[in-house]
2 protein chains.
Amino acid sequence: MVFRPAARTDVNRSAILAQLGAHGPASRADLARVLDVSPALMTQLTRDLLADGLLQELEQAPSQGGRPARMLGIVSTAGHAIGVKVVLDHVAFVEVGIDGAVLRSASEPFDASSSTFLAELTVLLRRFIAGGSSTPVLGIGIGVPGSVDNQGSGLVDSAQLGWSQVPLGATLQRELDLPVLVENNVNALAMAERLYGVGRRHDNFLVVTIGTGVGAGIVVDGAVLRGFSGGAGEVGHIPVTEDGPVCSCGNRGCLEAYIGEAALLRSARTAGVLGAQGGMTALGAAADAGNTAATAIFGQAGHRLGRALAGVVHTLDPEIIIVLGEGTSAWKHWSFAFEVALRSALMPSRRQVAVAVENWQDESWAQGAAALVLATPFDSDGLAGDQGRLVRARLVEQSAPQEAGS
Amino acid sequence: MVFRPAARTDVNRSAILAQLGAHGPASRADLARVLDVSPALMTQLTRDLLADGLLQELEQAPSQGGRPARMLGIVSTAGHAIGVKVVLDHVAFVEVGIDGAVLRSASEPFDASSSTFLAELTVLLRRFIAGGSSTPVLGIGIGVPGSVDNQGSGLVDSAQLGWSQVPLGATLQRELDLPVLVENNVNALAMAERLYGVGRRHDNFLVVTIGTGVGAGIVVDGAVLRGFSGGAGEVGHIPVTEDGPVCSCGNRGCLEAYIGEAALLRSARTAGVLGAQGGMTALGAAADAGNTAATAIFGQAGHRLGRALAGVVHTLDPEIIIVLGEGTSAWKHWSFAFEVALRSALMPSRRQVAVAVENWQDESWAQGAAALVLATPFDSDGLAGDQGRLVRARLVEQSAPQEAGS
DNA sequence: TAGGGTTTATTTAGTCCTAAACAAAGGGGA
DNA sequence: TCCCCTTTGTTTAGGACTAAATAAACCCTA
């Protein structure tokens, strides 16, 4: 009922870092305009960041009709973040700079259903961090396929991993003595998209991922919508038909049971496009080669996705839909049927909703997870809670050691 | 990207009025707890409200282990708000006290498709206001079936009314010289529910209305979700089948084309339950009397609604669904099939989502619209913009005229 | 009846932000 | 060359909120 004072908004400082990281140096006035805050506040925030050693004045002065701007740039040695993607059979790690760029990545086999998976993950993480650059680790962001109570405590429920109330965040915090932020993988991706991607220019958008599963990250008024129990965005389980195939959630006819990777492969096998051991790459190759049964499978998937998302668009009224995920490698075969199904199921006034498909890379999931660290280091009482404060503490402590003696 | 300072949070003051109005007198400490703000702020806010003459100290002192509380109550003569419901063939007005209670209501025939409907509405509104109580009118809230760019400017698009870019808010502001807030009718209802209803105790909920159309008001983290163009919540146009009946939006197979009032009546006529001129009351009566064809029609509607809302629940993860609208008069016939369809289409972890059906009255729509005025009088730069400031100005000016000479 | 515990209310200091006034540093035209 | 205009950056005053200390008013028990 009552509005709180905007989640301890030192988030702004990481927004400055993100902006400079993604777009290169800028003046204070530019930053104030882009980030939509007052110039006065920008002066203040940049003063802090300069004092903390995270920013530097670049002394450039290309005049532009008035007083020339003093450009500000990131001090890239101030620190880096670790991003982790956890799935059933492996984990992927990335190390990203303070500007969000990937510096290093790795992938390791992992068994999420093992009884000692927490210990194993700790070991793998320690090893990856040990092999890293000399700049300080600001924190660890972890993306999981499932719902998370809140980013700071990191209590995970995941049908896909077979996890129930797993204290992932708390355990890793204790073991590694570093700030750890856990979030649903799609929400993490939405956060990254908001900071570094197309979402930077939009306040209301949808990040839809296709691949093994189907999910959505929802950004409303600039913030990721988590819902009551942190489980918003499960669009893969929107019911599509009354008596469809059984889904991993136990119900019948979910969207994911039609267009998830497993479902597409099953269709391909019954249609004779694939043998018993062919995978998604083979199916994509078949479609590329003009196999009509293969293109039909993708086309049907596009159609189903389009109709289901029409419902979501009617519900949320986003400005743009961003499609991501492993499944986008074959997007050209989904695209046409998707567009037709989506637009024709939308009310006339919504037909202009934009659709963007971004370049997908193997490490994108882990990179998204790292954005958790870079996005919330200062947000002391928001999503990240205590962990945000810890990240900030590390940043200041490492980059301005000369102040430690005072 | 950057968080603003929580929408000029004098909203809190109207929250205090709403709380006291709905729940009777309370102490400052109680208010601080219920509204979740610091006692310090409560002292400050109530000081202002007392000075403005909107609150009075009741000098009561029922002790409770410690220092006895000084209760605060609303000065109900400080002003009232007008709520207006606009539909195709009539308008309904209510006058509500500063505590949200309905003082007076009226309904007038109206033709939204007439070329002079703006002038007619002005006349009707003037007449209703003139017949009202002597306390000052704080503002006018208007609920329309359609999307509104923002509450302050009140530019309306409505397929149902045949309106395109109608400057409803601006026109009435000019003609009546009063603050006017325009909002989608379901969003207004959600706001009222948040202030006075079940939603007071929840931060994430869904208000679903059934009647002529089907709509949803979405409240996330305590605020009404409006979407990019103010059109969120159009759940009536979620596609349900590929080749269903034609909907008012022009598409086929929308939820509303199955369970809207017109669709139910059509089904009843083809099933022979109703003659050519029977209405919803007759259909409800038939079901009450045990007519199995009639109960089956409601049951099917409940089933369809349940499945569609399962998708919405997966998308938004609300804590509770509140069902409202004219259609709830026959809810007992929807209920069973609805519950079964909803729960069985939900993932196991979501099955506990609560469903509440609130008592529906004729004037509820208009009452919801009035909540716009009572909820946003102080929110100077939020949804209501200028109009919010104007409401506040009227409140202070009217209730503390002795300060006018200073 | 004095003192400790509780609950209520206010004050104080401080954070995060804005708006508005101001200062600083250029450009270009009369 | 001087003045005006534009853009950048800073300072100042103030609003909205919080946490923590304090005061105020009651209860109960020893």
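Sequence lines set the chain letters: A, B, ... in the order given, protein chains first and strands last, and positions in each chain run from 1.
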**Student:** C:dT8 C1' sits how many Å from B:Asp30 CG, rounded?
**Tutor:** 10 Å
**Student:** Considering only side-chain heavy atoms of A:Leu41, which listed nucleotide, C:dT8, C:dT12, C:dC17, is closest?
**Tutor:** C:dC17
**Student:** Once rounded to the nearest 0.5 Å, what's the spacing between atom CG of A:Leu41 and atom CD1 of A:Ile16?
**Tutor:**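 Result: 7.5 Å between the selected atoms.
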**Student:** From CG of B:Leu31 over to C1' of C:dT10, roughly how many Å is that when rounded to an integer?
**Tutor:**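 Distance check: B:Leu31 CG to C:dT10 C1' gives 16 Å.
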**Student:** Please, which pairs that meet salt bridge (charged side-chain N to carboxylate O under 4.0 Å, His left out) have at least one residue in residues 14-23 of chain B, sequence neighbours excluded?
**Tutor:** none
**Student:** Could you check how far CG of A:Asp48 sits from P of D:dT10, rounded to whole Å?
**Tutor:**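 Spelled out: CG on A:Asp48 to P on D:dT10 is 12 Å.
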**Student:** Checking contacts here: which listed nucleotide (C:dA9, D:dT8, D:dT10) is nearest the side-chain heavy atoms of A:Pro39?
**Tutor:** D:dT10
**Student:** Give one of base, sugar-phosphate or nothing for A:Ser27, where a contact means two heavy atoms less than 4.0 Å apart.
**Tutor:**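 It contacts sugar-phosphate atoms only.
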**Student:** How many Å lie between CG on B:Leu50 and C1' on C:dA9, as a whole number?
**Tutor:** 13 Å
**Student:** Can you identify which nucleotide, out of C:dT11, C:dT10, D:dT12, has its nearest atom closest to the B:Arg47 side chain?
**Tutor:** C:dT11
**Student:** Please state how far atom CG in B:Leu45 lies from atom C1' in C:dT10, giving the value in whole angstrom units.
**Tutor:** 14 Å
**Student:** If you compare all heavy atoms of B:Thr135 against all heavy atoms of B:His80, which two are closest, and at what distance to 0.1 Å?
**Tutor:**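 The pair with the smallest heavy-atom distance is OG1-ND1, 2.6 Å.
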**Student:** For A:Gln44 and D:dA13, give me the distance from atom CD to atom P, rounded to whole Å.
**Tutor:**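 My rounded result for the distance is 15 Å.
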**Student:** For the CD atom of A:Glu193 and the CD1 atom of A:Ile320, what is their distance to the nearest 0.5 Å?
**Tutor:**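 Those atoms lie 9.0 Å apart.
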**Student:** Side chain of B:Thr43: nearest nucleotide among C:dT8, C:dT11, C:dT18?
**Tutor:**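 Within the option list, the nearest is C:dT11.
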**Student:** Tell me: CD1 of B:Ile16 to C1' of D:dC17, nearest whole Å?
**Tutor:**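 In whole Å, D:dC17 C1' lies 13 Å from B:Ile16 CD1.
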**Student:** If you only use heavy atoms from C-beta on, which nucleotide in C:dT10, D:dG9, C:dT8 is closest to the side chain of A:Arg70?
**Tutor:**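 Of C:dT10, D:dG9, C:dT8, D:dG9 is nearest to the side chain of A:Arg70.
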**Student:** Remember a base hit wins even if backbone is also touched, and classify B:Ala40 as base, sugar-phosphate or nothing at under 4.0 Å, heavy atoms.
**Tutor:** base
**Student:** Quick one: which of D:dG9, C:dA9, D:dC26 gets closest to the side chain of A:Arg67?
**Tutor:** D:dG9
**Student:** Look at the side chain of B:Arg28 and decide which nucleotide, out of C:dT8, C:dT10, C:dT18, has an atom nearest to it.
**Tutor:** C:dT10
**Student:** Side chain of A:Arg33: nearest nucleotide among D:dT8, D:dT10, C:dT8?
**Tutor:** D:dT8
**Student:** Just jot down the side-chain contact (heavy atoms from CB on, under 4.5 Å) partners of B:Ser27, sequence neighbours excluded, or say none.
**Tutor:** B:Ala29, B:Asp30, B:Ala69, B:Met71
